[in-house]
Amino acid sequence: MSRLLVLFLFVSANFFGQITMRPADPLVKDPFFNSNKQSPQGEKVRLIHSDFFQKTPDRYNGNPFFKGNVQFEQQGSVLFADEVIFYEKENFVKAIGSVKLQNADGSVITAGEMEYDGNTQKGIAKKNVVLTDPRQTIKTETLYYDRLANVAYFNTGGTISDATNVMYTRSATYDLATRMIDFTGNVKINNPDYTVEGSNIKQNQNTNTADFFGPTTITNKKNPSNLIYTERGSYNMNSKEVYLKKNSRINYNGKILTGDDMYFNQITGFGTAKGNVTLRDPAENRYMKGGYGEIYEKKDSAMMTERPYAVKILEKDSMYFSAQRLLAYQKVDDKDPLKKKSFLRAFRKARMYKSNIQVRADSLSFNETDGIMHLFGAPIAWSGEKQVTGDKIEAYFDTENEFIDSLKVVGNAFAISKADSLNLKDEFNQVKGKLMTVYYKDNKVNLAKVIGNAQAITYADDQNEKTKEVERIGVALSTCGTIEAEFEDNTVQIISCNVGANSDIYPMSKISREKRFFPDFNWNTKDRLKRWEDIFLDSPGYEETVYESADTLYNEAQKAIDEAKAKEEAKKPKRVRK
């Protein structure tokens with residue numbers, strides 16, 4: 001009987017199974033013991049003690065059996081049992097009742113029964129099997145061991161526990177040489193801080209790392225909504241770092257991060273994602289996409305680069321953002337510590353598209369909770385046939401009703417609207433000054449209030465009494481300390497002009513083109529975003545609209561004046577030099 005002790009050297013083994021064992025007469029071996037006939041012959045074990053010994057032809061095919069405080073020893077390991085049967089010809093041992101194997105390395109295996117084949121060097125421990133060593137405790141119903149392959153396994157359920165973890169699994173295989181455990185079938189690792197559940201997990205006890213093959217979930221016990229899911233990845237149980245490779249997601253603080261290749265540190269809360277990255281925030285009805293992303297769980301912030309964009313999903317009209325880098329984060333409300341406010345920032349070549357307003361600037365900051373957007377760096381905003389520019393623009397949105405409320409323009413404020421969107425004449429209403437507030441009504445520009453060096457160029461229309469058609473009658477040039485201009489359809493009406501007010505109205509025949517435009521007039525049709533996909537472009541590069549000159553009456557009047565002057569000059573007598 002060869003190396004009985006080695007049969008249970010799976011001291012470090014973590015696996016078990018259940019097989020009903022009923023010693024038969026004659027001997028019937030479990031199919032597990034079948035092996036290659038070239039297996040070397042095992043050594044015999046040595047009897048130390050038994051209270052009773054007998055060998056009779058009518059029991060166990062004449063093989064000897066021992067009862068009462070039976071002890072066998074083999075290479076420093078001792079087997080204790082109530083009864084042991086030794087099948088001499090087969091070199092096979094059965095131990096029954098209160099079985100205990102004390103191994104030379106200090107590990108102990110207890111079971112109801114044990115079997116060992118000295119020829120194949122395979123063994124089975126059955127019935128309430130418990131293996132203990134300084135590092136762990138293993139419990140199962142049936143444990144199989146192959147000494148030549150140096151592998152132990154079970155397939156009917158078991159647990160492995162150490163100082164911090166308890167592992168449950170349907171079946172497992174343990175390679176004693178590499179100390180690698182292959183868990184399969186409803187695997188669960190229970191830790192004070194987290195639980196790991198999956199269908200196939202391989203654990204390396206040397207490095208204390210786990211590789212995941214198949215659907216696996218790591219759940220934070222303190223906050224079960226914070227979890228990690230993957231179908232292929234690895235986990236370092238010492239550093240709490242997880243590497244995710246297939247169909248993975250990280251759920252944290254109510255958000256969901258996905259990507260092709262991901263990393264997350266449970267201690268620091270820092271994570272990265274590469275390839276097809278998406279960060280969803282259901283609470284904000286917003287998601288971000290890009291080629292690379294980072295999350296900071298403890299700061300509740302995230303960053304996205306590589307053609308990033310964000311979509312704020314609204315019931316009636318969504319908002320689309322893009323830039324070279326996007327940042328989303330939350331801050332505690334100064335007025336209510338129990339609440340948080342959400343922010344979205346866009347750096348370098350910031351763009352935003354909404355059906356009733358489109359903006360571009362060097363950078364953008366959006367307070368999603370309060371609905372306040374700040375635009376910096378040559379900002380420009382379009383609404384309908386109207387354009388607003390300035391040094392800085394603040395846009396205010398009604399977050400409850402999902403519409404834009406107003407724009408506040410600080411420094412070099414300039415609002416332009418096409419006087420008649422139905423034609424291509426170069427006629428534009430213009431209002432400018434130091435500070436401007438543009439108010440919206442029904443998502444359309446309704447009123448502009450300008451403070452400081454306010455100026456306006458507006459077109460005046462009137463109805464022809466004979467034809468009943470609306471005709472352009474002139475242009476008003478206004479200079480005031482403050483101006484209030486009302487926008488109605490394609491017309492702009494100055495309803496208030498105060499503090500040093502000066503206003504002149506010129507018929508179309510008496511105002512030149514140069515006077516109909518401010519020197520810094522900057523109507524921009526090339527860069528305007530016409531569809532949401534334009535947010536990805538530095539500039540959509542649309543063909544500049546070519547407008548027709550509206551100087552026909554002025555040119556005709558100037559021509560008539562010139563002709564009249566010429567006639568007058570012709571009537572004057574010519575001087576003859578003598």
Side-chain angles (χ1 to χ4, degrees), residues 1-10 13 16-104 107-131 139-148 152-156:
M1 172 172 163
S2 162
R3 294 207 164 192
L4 178 59
L5 154 69
V6 180
L7 155 60
F8 304 104
L9 276 181
F10 20 88
F16 341 112
Q18 180 175 12
I19 292 182
T20 304
M21 177 177 176
R22 295 176 181 171
D25 189 2
L27 173 65
V28 177
K29 290 184 180 181
D30 190 288
F32 170 71
F33 291 108
N34 297 334
S35 78
N36 192 324
K37 293 181 180 181
Q38 296 180 353
S39 299
Q41 192 76 10
E43 297 179 1
K44 301 289 184 178
V45 297
R46 180 174 62 88
L47 174 67
I48 298 177
H49 173 82
S50 71
D51 295 340
F52 175 82
F53 161 76
Q54 189 174 16
K55 181 177 181 180
T56 62
D58 59 337
R59 297 193 66 181
Y60 306 117
N61 281 353
N63 289 292
F65 60 94
F66 308 83
K67 289 187 177 183
N69 300 313
V70 182
Q71 297 181 34
F72 276 83
E73 184 271 341
Q74 195 260 348
Q75 294 184 348
S77 295
V78 181
L79 174 67
F80 302 86
D82 294 336
E83 181 178 358
V84 173
I85 305 130
F86 180 35
Y87 295 88
E88 295 178 290
K89 184 178 180 181
E90 292 85 358
N91 198 20
F92 191 89
V93 167
K94 282 187 178 181
I96 304 170
S98 302
V99 180
K100 176 181 177 182
L101 179 64
Q102 180 72 55
N103 291 304
S107 62
V108 178
I109 298 174
T110 61
E113 299 177 359
M114 287 188 184
E115 294 183 353
Y116 180 72
D117 189 323
N119 295 328
T120 63
Q121 300 187 53
K122 294 181 178 180
I124 304 176
K126 307 175 181 179
K127 297 182 180 179
N128 299 318
V129 181
V130 178
L131 183 153
K139 295 181 180 180
T140 188
E141 282 299 306
T142 302
L143 181 65
Y144 298 83
Y145 173 68
D146 187 331
R147 178 177 175 272
L148 294 179
Y153 72 90
F154 63 85
N155 56 18
T156 54

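These numbers come from a predicted model, not from an experiment.
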To the nearest 0.5 Å, what is the distance between CG on Leu131 and CD1 on Ile109?
4.5 Å
Sort out for me which residue in Phe92, Tyr87, Tyr145 forms a ring pair (Phe, Tyr, Trp, His ring centres under 6.0 Å) with Phe33.
Phe92
Salt bridge (charged side-chain N to carboxylate O under 4.0 Å, His left out) assessment of Asp117 paired with Lys29
CA-CA 9 Å; Asp117 189 323; Lys29 290 184 180 181; 2.8 Å; yes
Spacing of Lys55 atom NZ and Glu88 atom CD [to the nearest 0.5 Å]:
4.0 Å
Among Glu115, Lys94, Arg59, find the one that has a side-chain contact (heavy atoms from CB on, under 4.5 Å) with Ile85.
Lys94
Can you find a heavy atom in the side chain of Phe80 that is under 4.5 Å from one in the side chain of Ser98?
no
Are Met114 and Leu79 close enough, and set up right, to give a side-chain contact (heavy atoms from CB on, under 4.5 Å), and what steps lead you there?
CA-CA 10 Å; Met114 287 188 184; Leu79 174 67; 4.0 Å; yes
How about Phe66 and Phe72: are their ring centres within less than 6.0 Å of each other?
yes
Does Lys126 form a salt bridge (charged side-chain N to carboxylate O under 4.0 Å, His left out) with Glu113? I'd like the steps, not just the answer.
CA-CA 5 Å; Lys126 307 175 181 179; Glu113 299 177 359; 5.1 Å; no
Looking at Phe32, does the NZ or CZ of Lys122 lie under 6.0 angstrom from its six-membered ring centre and within 45 degrees of the ring axis?
yes
Side chain proximity check, Phe65 to Phe52, heavy atoms < 4.5 angstrom
yes
Could you state the interatomic distance from CG (Asn69) to CD (Glu83), rounded to the nearest 0.5 Å?
13.0 Å
Is there a side-chain contact between Asn128 and Glu141 (heavy atoms, below 4.5 Å)?
yes
Distance, nearest 0.5 Å, that separates CG of Asn63 from CD of Gln54
13.0 Å
Under the side chain to side chain donor-acceptor pair (under 3.5 Å) test, residues paired with Gln71 that sit two or more places apart
none
Kindly write out the residues that satisfy salt bridge (charged side-chain N to carboxylate O under 4.0 Å, His left out) with Lys100, not counting sequence neighbours, or none if the list is empty.
none
Go through His49 and Val70 one step at a time and tell me if the side-chain contact (heavy atoms from CB on, under 4.5 Å) criterion holds.
CA-CA 6 Å; His49 173 82; Val70 182; over 6 Å; no
